[in-house]
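Atoms within each ligand, like the ligands themselves, are counted from 1 in listed order. Not measured: the values here are computed from a predicted model.
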Amino acid sequence: MINRIVEEYAKRKDEIIQTVTNELGVPLKLSEKSHYNMGMQHFIQAAKELETFEFEAERDGTIIRKESIGVSGLITPWNFPTNQTATKIASAFAAGSPVVLKPSELTPFAAILLAEIFEAAEVPKGVFNLVNGTGEVIGDGISSHPDIDFVSFTGSGLTGQKITENAAKTIKKVALELGGKSPMIILDDYDIKKAAKLAVSNVIFNTGQVCTLASRTIVPAAKKDAFIKAVKEILSDIKVGPPEKETSKLGPLISQDQFDRVQGYIQKGIDEGATLSVGGLGKPEGLETGYYVKPTVFTDVKNEMTIAQEEIFGPVMSVITYDTLDEAIEIANDTIYGLAGYVIGNDSETLKKVASSIRAGRITVNKAPSDYSAPFGGYKQSGIGREWGDYGIEEYLEIKSIVGL
Ligand code: NAD
């Protein structure tokens with residue numbers, strides 16, 4: 001069934017790309033390379049996992065079985081409308097769990113396309129259920145429903161808390177994929193221009209509306225000036241513009257609320273004494289209509305500043321300097337979040353040491369491509385549980401032991 005979904009998903013490629021661009025505002029190229037592709041990869045990966053996944057094992061005469069958890073309620077945000085729905089649905093289907101999906105009210109159309117894809121793939125009736133609506137009504141209904149066995153949520157921490165409280169009334173298992181304030185540590189043995197390129201491309205990705213965004217760039221103090229010079233040069237070539245235009249690297253933010261939120265944080269950075277090195281308040285020239293923002297870089301940021309502690313969810317980089325590696329690691333971990341981390345360097349032993357020392361669920365070294373079989377999820381207030389690959393499937397399973405058969 002999942003292989004049939006992959007086939008049907010591929011047939012709808014152009015519509016998926018256009019739909020995500022229409023509802024989210026990301027440039028078409030990014031919609032294809034990232035959004036269309038990520039959705040696809042989760043289904044491909046789930047099918048692959050099922051070739052080897054052990055649902056039953058024997059241990060000293062006792063049978064250990066992994067059985068479907070039952071009906072899963074899936075509640076998803078707007079920033080990756082195909083990725084977050086697909087990772088949950090693919091894992092749930094692989095585990096044999098029927099689902100009720102409530103996508104974000106800001107991006108309902110990608111989910112409607114998925115419903116059509118599942119119908120074409122002959123997913124049996126009742127296995128996939130889509131309910132569009134607001135969080136307070138539909139989301140609340142899902143988390144408190146006695147016939148739903150598990151809620152998998154991706155979104156903000158505050159909503160995650162509400163869902164957990166609601167789910168507690170019927171002792172439901174809850175998985176949470178929440179926000180982040182991820183560090184990128186640049187080691188002093190790496191080419192600073194190349195490092196600046198990686199830092200910029202991470203921070204502008206999806207107009208900064210990414211939970212794993214490397215929003216805190218931790219740079220050797222001695223290389224700060226060279227790093228900022230390189231960042232300025234790179235950003236001067238990057239175009240913000242309408243998503244349908246070939247040259248646009250960044251589209252607008254999703255909504256007025258999101259625009260106000262990002263502007264509020266830029267103002268806060270200025271008020272708290274960080275140095276505004278690139279970008280700043282207001283819209284880029286010539287883009288007065290739409291929720292466009294300027295990619296913004298703050299330097300001389302102290303990790304205790306609001307812009308270094310709270311999730312901005314926009315293309316805003318905070319540059320923090322360090323003198324020793326221990327100090328860099330301490331800064332990286334000085335956050336309530338632990339979703340992702342990035343280490344840029346040459347020496348593999350130092351890279352491993354730093355990667356192992358960051359308390360976060362997904363660490364990326366240098367320019368590594370994503371690994372869809374690797375678990376994805378957060379430490380600390382970034383969440384509970386893991387998605388993607390076999391670990392993702394485990395979330396939708398109950399474990400039973402049969403003793404004495
Ligand atoms: P949000 O919490 O406002 O909304 C997420 C979903 O929850 C939406 O579908 C919304 O309708 C629903 N919802 C709202 N109130 C609810 C309630 N009381 N009960 C049940 N459901 C409710 O988040 P958002 O603004 O859509 O997304 C941005 C947030 O998501 C950011 O904090 C971001 O970091 C996080 N996020 C995390 C990951 C991850 O994998 N960890 C991925 C993407 C986004």
## Note on the structure
Any heavy atom of T76 under 4.0 Å from ligand 1? The part involved is backbone
### Message
Any atom of ligand 1 sitting under 4.0 Å from a heavy atom of S104?
### Response
yes
## Note on the structure
Closest to atom 14 (C) of ligand 1 by heavy-atom distance, out of G135, P103, G383, is G135
### Task
Find all atoms of ligand 1 within a distance of less than 4.0 Å from any non-hydrogen atom belonging to K162, and give their numbers and elements.
18 (N)
### Query
Does F376 have a heavy atom less than 4.0 Å from any atom of ligand 1?
yes
### Message
Check whether R359 reaches the backbone of G338 with its side chain - one donor and one acceptor, N or O, closer than 3.5 Å.
### Response
no
### Query
Under 3.5 Å, N or O to N or O, is S382 touching ligand 1 that way?
no
### Task
Within a distance under 4.0 Å of any heavy atom of C211, pick out the atoms of ligand 1 and give their elements.
34 (O), 36 (N), 37 (C), 38 (C), 39 (C), 40 (O), 41 (N), 42 (C), 43 (C), 44 (C)
### Task
Compute the centroid of each ring, for Y265 and then for F313, and state whether the two points are separated by less than 6.0 Å.
no
### Query
Hey, mind stepping through E395 and K173 against salt bridge (Lys or Arg N to Asp or Glu O under 4.0 Å) and telling me if it holds?
CA-CA 9 Å; E395 291 284 6; K173 179 179 160 185; 3.3 Å; yes
#### Entry: Taking atom 41 (N) of ligand 1 as the reference point, the nearest protein heavy atom with its distance
L178 O, 2.6 Å
### Query
Counting heavy atoms only, which part of F153 comes closer than 4.0 Å to ligand 1: side chain, backbone, both or neither?
side chain
### Query
Nearest protein heavy-atom contact for atom 27 (O) of ligand 1: which residue, which atom, what distance?
P77 CB, 3.3 Å
#### Entry: Atom pair OG1 (T85) and CG (L130), whose distance is rounded to the nearest 0.5 Å
10.0 Å
### Task
Decide whether an N or O pair under 3.5 Å exists between K102 and ligand 1.
yes
### Query
CH2 of W388 to CD of E177: how many Å apart, nearest 0.5 Å?
10.0 Å
### Query
Do you know which of R12, R4, K11 makes side chain to side chain donor-acceptor pair (under 3.5 Å) with E8?
K11
### Message
Tell me the nearest of R362, E311, E387 to atom 34 (O) of ligand 1, using heavy-atom distances.
### Response
E311
### Query
Yes or no on side chain to side chain contact (heavy atoms under 4.5 Å, CB included) for I358 and I185, after CA distance, side-chain angles and deciding distance?
CA-CA 10 Å; I358 299 175; I185 298 182; 4.2 Å; yes
### Task
Check ligand 1 against Q84 and write out every atom of the ligand that is under 4.0 Å from a heavy-atom position of the residue.
42 (C), 43 (C), 44 (C)
### Task
State the atoms of ligand 1, each with its element, that fall below the 4.0 Å cut-off from a heavy-atom position in N79.
43 (C), 44 (C)
### Pairing of K400 and E67 as salt bridge, 4.0 angstrom limit
yes
### Query
What are the atoms of ligand 1, with element, lying closer than 4.0 Å to any heavy atom of I163?
19 (N), 20 (C), 21 (N)
### Query
Where is the nearest protein heavy atom to atom 35 (C) of ligand 1: which residue, which atom, and how far?
G155 O, 3.2 Å
### Query
Backbone, side chain, both or neither: what part of T212 comes under 4.0 angstrom of ligand 1, heavy atoms only?
neither
### Summary
Among E105, K181, E177, the residue with a heavy atom nearest to atom 10 (C) of ligand 1 is E105
### Query
Would you say the side-chain atoms of S91 pair up with the backbone N or O of K88, donor to acceptor, closer than 3.5 Å?
no
### Query
What do you think, any protein heavy atom under 4.0 angstrom from atom 18 (N) of ligand 1?
yes
### Query
Between K283 and E288, is there a salt bridge with N-O shorter than 4.0 Å?
no
### Query
Quick one: nearest non-hydrogen protein atom to atom 25 (O) of ligand 1, plus distance?
W78 NE1, 3.1 Å
### Query
When you measure from atom 15 (N) of ligand 1 to every protein heavy atom, which one gives the shortest distance, and what is it?
T159 CG2, 3.4 Å
### Query
Which protein non-hydrogen atom lies closest to atom 28 (C) of ligand 1, naming both residue and atom, and how far is it?
F313 CE2, 3.8 Å
## Note on the structure
ligand 1 atoms nearer than 4.0 angstrom to some heavy atom of G179 are 34 (O)
### Query
Any salt bridge between K249 and D237, counting N to O under 4.0 Å?
no
### Task
Return the set of residues passing side-chain hydrogen bond (donor to acceptor under 3.5 Å, both in side chains) with E244 (not counting sequence neighbours), or none when no residue passes.
none
### Task
Before accepting this row, confirm whether a basic side-chain N of the pair E272/K302 lies closer than 4.0 Å to the acidic partner's carboxylate O.
no
### Message
Looking only at the aromatic ring of each residue, does the gap between the centers of Y36 and F80 stay below 6.0 angstrom?
### Response
no
### Summary
among protein heavy atoms, the one nearest atom 12 (C) of ligand 1 is I75 CG2, 3.7 Å
#### Entry: Cation-pi geometry met for K232 and F227 (6.0 Å, 45°)
no
### Task
Identify, for atom 21 (N) of ligand 1, the protein heavy atom at the shortest distance, and state residue, atom and that distance.
G139 CA, 3.5 Å
### Message
Taking distance alone, with N or O pairs closer than 3.5 Å, would you say S156 contacts ligand 1?
### Response
yes
### Query
Which bit of L339 gets closer than 4.0 Å to ligand 1, counting heavy atoms only: side chain, backbone, both or neither?
side chain
### Task
Assess whether ring-ring contact (aromatic ring centres under 6.0 Å, His included) is satisfied between F43 and Y372, documenting all intermediate values.
CA-CA 10 Å; F43 288 111; Y372 290 92; over 10 Å; no
